[in-house]
Amino acid sequence: MSTTHRWRLLWWLWFTALFALSSIPGHRLGPRPFDWFDKIEHAGFFFLGGLILGGWLSAAGRWPSRWWLLPLAAALVGAFDEVHQLFTPGRSGLDPGDWAADIVGGTAALAAMPWLSRWLRRREGRHPLDPVL
């Protein structure tokens with residue numbers, strides 16, 4: 001399996017995890033440390049998704065020319081997630097604050113892309129997801 005395919009698979013696993021997490025009924029989530037803690041969760045999870053998408057683009061030789069895909073994907077997937085939560089008991093969907101946090105998180109991954117690209121180039125010849133020995 002090529003490196004590009006592995007990054008693509010990792011991104012689909014991330015997306016599947018997002019869907020699974022958004023399918024948890026609200027009453028099973030438990031208390032949050034403070035009111036807007038869920039915004040941090042959204043931004044952090046979408047930051048990870050942005051990094052994975054950036055790794056996929058980098059492995060495919062599409063980085064940096066396709067940088068705009070990170071915020072676009074965050075916006076589209078975030079909108080999908082908010083609509084999905086409308087159908088999950090005890091969850092509130094279409095929350096503009098959650099959607100904004102998704103976009104901020106996915107876009108923030110742009111800041112880490114120079115580091116990720118350098119790391120991937122240094123590891124050329126080895127699979128980028130292999131542990132460093």
Side-chain angles (χ1 to χ4, degrees):
M1 180 182 292
S2 73
T3 302
T4 304
H5 287 97
R6 289 178 183 171
W7 279 103
R8 183 182 313 152
L9 175 62
L10 188 59
W11 191 86
W12 282 108
L13 289 172
W14 172 86
F15 183 83
T16 302
L18 174 68
F19 189 84
L21 290 168
S22 293
S23 298
I24 298 171
H27 70 277
R28 293 186 52 208
L29 292 176
R32 298 292 197 262
F34 44 89
D35 288 343
W36 47 273
F37 185 76
D38 68 314
K39 307 309 182 243
I40 295 172
E41 292 174 322
H42 277 259
F45 198 78
F46 275 76
F47 178 79
L48 176 62
L51 285 179
I52 294 168
L53 179 57
W56 177 4
L57 292 171
S58 186
R62 304 275 191 229
W63 186 263
S65 65
R66 303 282 166 87
W67 66 268
W68 49 269
L69 285 172
L70 274 64
L72 178 64
L76 293 175
V77 173
F80 169 82
D81 182 48
E82 289 304 310
V83 170
H84 172 244
Q85 287 184 38
L86 286 173
F87 302 98
T88 305
R91 300 292 286 269
S92 61
L94 300 182
D95 182 335
D98 287 353
W99 189 51
D102 298 340
I103 295 169
V104 166
T107 303
L110 287 170
M113 280 308 299
W115 170 84
L116 181 61
S117 293
R118 281 192 306 274
W119 181 74
L120 290 171
R121 279 194 306 273
R122 278 197 316 265
R123 293 179 54 84
E124 202 167 293
R126 294 181 289 178
H127 186 273
L129 299 179
D130 288 342
V132 177
L133 299 176

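Numbering of residues begins at 1 and proceeds along the displayed sequence. Source: prediction; values computed, not measured.
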Give the intermediate values and the outcome of side chain to side chain contact (heavy atoms under 4.5 Å, CB included) for residues W68 and R66.
CA-CA 5 Å; W68 49 269; R66 303 282 166 87; 3.8 Å; yes
Side chain to side chain contact (heavy atoms under 4.5 Å, CB included) assessment of W67 paired with M113
CA-CA 9 Å; W67 66 268; M113 280 308 299; over 6 Å; no
Would the distance check show the side chain of [X] and the main-chain N or O of [Y] forming a donor-acceptor pair, the cut-off being under 3.5 Å?
X	Y	result
W14	F45	yes
R91	I24	yes
T16	W12	yes
R62	A59	no

Euclidean distance, [Y] [atom2] relative to [X] [atom1], rounded to 0.5 Å:
X	Y	atom1	atom2	answer
W56	T3	CH2	OG1	14.0 Å
L18	L13	CG	CG	12.5 Å
D95	D38	CG	CG	6.5 Å
L116	L110	CG	CG	11.5 Å

Answer whether the closest heavy-atom distance between the side chains of [X] and [Y] falls below 4.5 Å.
X	Y	answer
H5	W7	no
H84	F19	yes
V104	F47	no
F15	L53	no

Determine whether [X] and [Y] fall in the same hydrophobic cluster, where Ile, Leu, Val, Met, Phe, Trp and Tyr are linked whenever their side-chain heavy atoms lie under 4.5 Å apart.
X	Y	answer
L94	F46	no
L86	W99	no
F34	L29	no
W36	I103	no

For S117 versus S58, what's the shortest heavy-atom pair and its separation?
OG-OG, 4.0 Å
Between F87 and P89, the two heavy atoms sitting closest are O-CD, 3.8 Å
Does K39 come within less than 4.0 Å of D98, counting only side-chain N to carboxylate O?
yes
Which atom pairs, donor and acceptor, lie under 3.5 Å between side-chain atoms of residues 69-81 and protein residues at least two apart or in another chain?
residue	atom	partner	partner atom	Å
D81	OD1	S22	OG	2.2
D81	OD2	Q85	NE2	3.1

